[in-house]
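A short worksheet on the structure shown next.
All ligand and atom numbering here is 1-based and tracks the order in the structure.
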Amino acid sequence: MNSRILGTGSYVPDRILTNADLEKMVETSDSWIVERTGIRERRLVGPGEACSDLATKAAEKALAQAGLQASQLDLIIVGTCTGDSPLPSTACLVQQRIGATRAAAFDLNAACCGFVYALALANSYVKTGLRYVLVIGAEVMSSITDWTDRNTCVLFGDGAGAVVVGKSEGEDGILSIHLHGDGDHAELIQVPGGGSRIPASEDTLNAKLQFVKMKGNETFKVAVKTMEDSVNEVLTFNHVSTDDVDVFVPHQANIRILKAVAQRLKFPLEKTVVNLDRFGNTSAASIPLALDEAVLAGRVRQGNLVLLAAFGAGLTWASGLIRW
Ligand code: UT7
């Protein structure tokens, strides 16, 4: 018995930050950002808006598309590294807001792979007896962004995407998901302060340790390699080739990464869903946001083979294959 995605939903905040806006904030240019990343604009939360607000709106849309009530959910998993606060979990806040009175709820931190990791759990839970699991990827990356650091502030955005996972009656659904982690590369992308190693203090705030630091160039190289490897892994496992894939929904970090991966896999870029030009890198939200857009645009149809691949801090990397 497979599990399958019964409905998708997404939400991005209204506020748009363009490359022209960033030119006024740091020493950068629209042409550098577009050429080096493909990003033209990103969405940012407004005052008082937090991760659970975005997650709730995406979840409500996914439930509506699935034709389900929140009270039917057994479990809610939110993939995020920018939850409302360390405690309680953002998933519990969503659970209360949507009225999922029967659902257990927890957050999962696998950085940009958070959604695919959470989808893997949902797949297992449904196969072992739960009926409906809500999986959300939601991030307010702007809350951990140093807006004076041009190396990172041009990259990230805020948003949320959600799917409802339930039983499949046929052969369709989630075929397999493959997860990986490697703490040897933990220093490539990190938020050094604010945890138990370096608790928040006046000194840590002055040193800006609450913000994301990234070794962009090294991350880029690892990203291309791990994306290529994990796509090959999931395709080999399912005895299919890139030719069989109808739609590729990758983590949206950088258009140059996506082009390099497509080239190495000899995979036409036209099959790849790209929305990073409008939303930047929204970490765990990026795949479910792109997936929902592709579903709504009619790019993902029944019977299609849909490929997912992500990488992120940890390092983590992951891939999945779905017969829609
Ligand atoms: O989802 C999380 C995973 N993260 C990623 O996937 C990010 C992966 N990395 C990247 O996407 C790219 O490495 C970046 C977009 C972050 C940077 O692009 P790059 O081509 O690797 O640039 P670089 O870091 O090698 O820097 C090239 C130059 C440097 O100047 P010098 O040292 O050559 O004089 C940077 O200081 O570009 C400079 N630079 C900028 N210039 C204008 C860096 N950021 C900017 C900027 N505007 N925003």
Side-chain angles (χ1 to χ4, degrees), residues 17-42 79-82 109-117 137-159 161 180-183 185-192 211-231 249-262 264 272 274-277 279-290 308-319:
L17 187 78
T18 65
N19 291 349
D21 296 326
L22 281 162
E23 285 178 351
K24 296 176 199 136
M25 297 160 64
V26 288
E27 188 63 41
T28 191
S29 65
D30 173 58
S31 58
W32 190 95
I33 301 170
V34 171
E35 197 181 301
R36 307 307 295 166
T37 73
I39 301 166
R40 294 179 184 277
E41 59 186 43
R42 64 290 291 148
T80 188
C81 58
T82 55
N109 181 354
C112 301
C113 290
F115 174 78
V116 183
Y117 265 63
E139 301 280 16
V140 180
M141 292 304 286
S142 60
S143 67
I144 58 166
T145 298
D146 177 357
W147 293 103
T148 65
D149 174 14
R150 72 175 183 174
N151 291 302
T152 52
C153 75
V154 303
L155 303 174
F156 298 107
D158 304 336
H180 296 279
D182 181 3
H185 295 296
E187 84 299 344
L188 287 186
I189 313 169
Q190 55 174 333
V191 176
F211 296 129
V212 66
K213 322 276 178 208
M214 187 173 69
K215 295 182 179 165
N217 206 269
E218 291 158 58
T219 304
F220 187 100
K221 290 174 199 152
V222 181
V224 173
K225 177 86 178 77
T226 53
M227 290 266 271
E228 181 192 11
D229 289 349
S230 57
V231 166
V249 188
H251 171 50
Q252 310 279 314
N254 186 323
I255 191 66
R256 288 190 294 132
I257 293 175
L258 302 187
K259 283 183 177 166
V261 170
R264 281 165 173 243
T272 304
V274 178
N275 67 5
L276 58 83
D277 51 324
F279 303 126
N281 179 347
T282 57
S283 183
S286 101
I287 287 182
L289 182 54
L308 313 179
F311 68 92
L315 288 178
T316 53
W317 62 102
S319 58

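- Residues Ser286 and Gln252 bring no donor and acceptor atom of their side chains to less than 3.5 Å of each other.
- Atom 43 (C) of ligand 1 has as its closest protein heavy atom Asn151 OD1, 3.3 Å.
- Contact annotation: Ile33 has no heavy atom less than 4.0 Å from any atom of ligand 1.
- Residue Arg256 has at least one nitrogen or oxygen atom sitting less than 3.5 Å from a nitrogen or oxygen atom of ligand 1, judged on distance alone.
- In terms of heavy atoms, Glu139 sits closest to Thr282 at CG-O, 3.2 Å.
- Scanning all protein heavy atoms for the shortest distance to atom 44 (N) of ligand 1 gives Trp32 CH2, 3.3 Å.
- In this structure, CD1 on Ile33 lies 5.5 Å from CZ on Arg42, to the nearest 0.5 angstrom.
- The protein atom (non-hydrogen) at minimum distance from atom 20 (O) of ligand 1 is Arg36 NH2, 2.7 Å.
- Distances from atom 32 (O) of ligand 1 to the protein include no heavy-atom value under 4.0 Å.
- Ion pairing between a basic and an acidic side chain is recognised when a charged N comes within 4.0 Å of a carboxylate O; Arg150 and Glu27 show no such pairing.
- No N or O atom of Ser29 sits closer than 3.5 Å to an N or O atom of ligand 1.
- Contact annotation for Ala223 and ligand 1: no heavy atom of the residue comes within less than 4.0 Å of the ligand.
- If you check the side chains of Asn254 and Thr37, you find no donor sitting under 3.5 Å from an acceptor.
- The heavy atom nearest to atom 1 (O) of ligand 1, out of those in Leu188, Asn281, Thr316, is found in Asn281.
- For Thr152 and Asp149, the side-chain atoms include at least one donor-acceptor pair closer than 3.5 Å.
- For atom 47 (N) of ligand 1, the closest heavy atom belonging to the protein is Thr28 OG1, 2.6 Å.
- Contact atoms of ligand 1 toward Thr219: 3 (C), 4 (N), 5 (C) (distance under 4.0 Å to a heavy atom of the residue).
- When non-hydrogen atoms are compared, ligand 1 lies under 4.0 Å from the side chain of Ile257 (C-beta onward) but not from its backbone.
- Side-chain contact check for Ile39 versus Phe156: every heavy-atom pair is 4.5 Å or farther apart.
- Nearest protein heavy-atom neighbour of atom 8 (C) of ligand 1: Gly216 O, 3.7 Å.
- From the protein, the heavy atom lying nearest to atom 21 (O) of ligand 1 is Asn217 ND2, 2.9 Å.
- For atom 7 (C) of ligand 1, the closest non-hydrogen atom on the protein side is Met214 CE, 3.5 Å.
- Heavy atoms of Asn254 found under 4.0 angstrom from ligand 1 belong exclusively to the side chain.
- Side chains of Glu228 and Val224 form no contact here, defined as non-hydrogen atoms less than 4.5 Å apart.
- In terms of polar-atom proximity, defined here as any N/O pair under 3.5 Å, Phe156 makes no such contact with ligand 1.
- Looking at His251 next to ligand 1, an N or O pair under 3.5 Å apart turns up.
- Looking at Thr18 and Glu41, their side chains never bring a donor and an acceptor atom within 3.5 Å of each other.
- Residue Arg150 holds the heavy atom nearest to atom 36 (O) of ligand 1 of all those in Glu35, Glu27, Glu218, Arg150.
- Gly312 does not count as a contact of ligand 1, since none of its heavy atoms falls under 4.0 Å from the ligand.
- Within a 4.0 Å radius of atom 26 (O) of ligand 1, the protein contributes no heavy atom.
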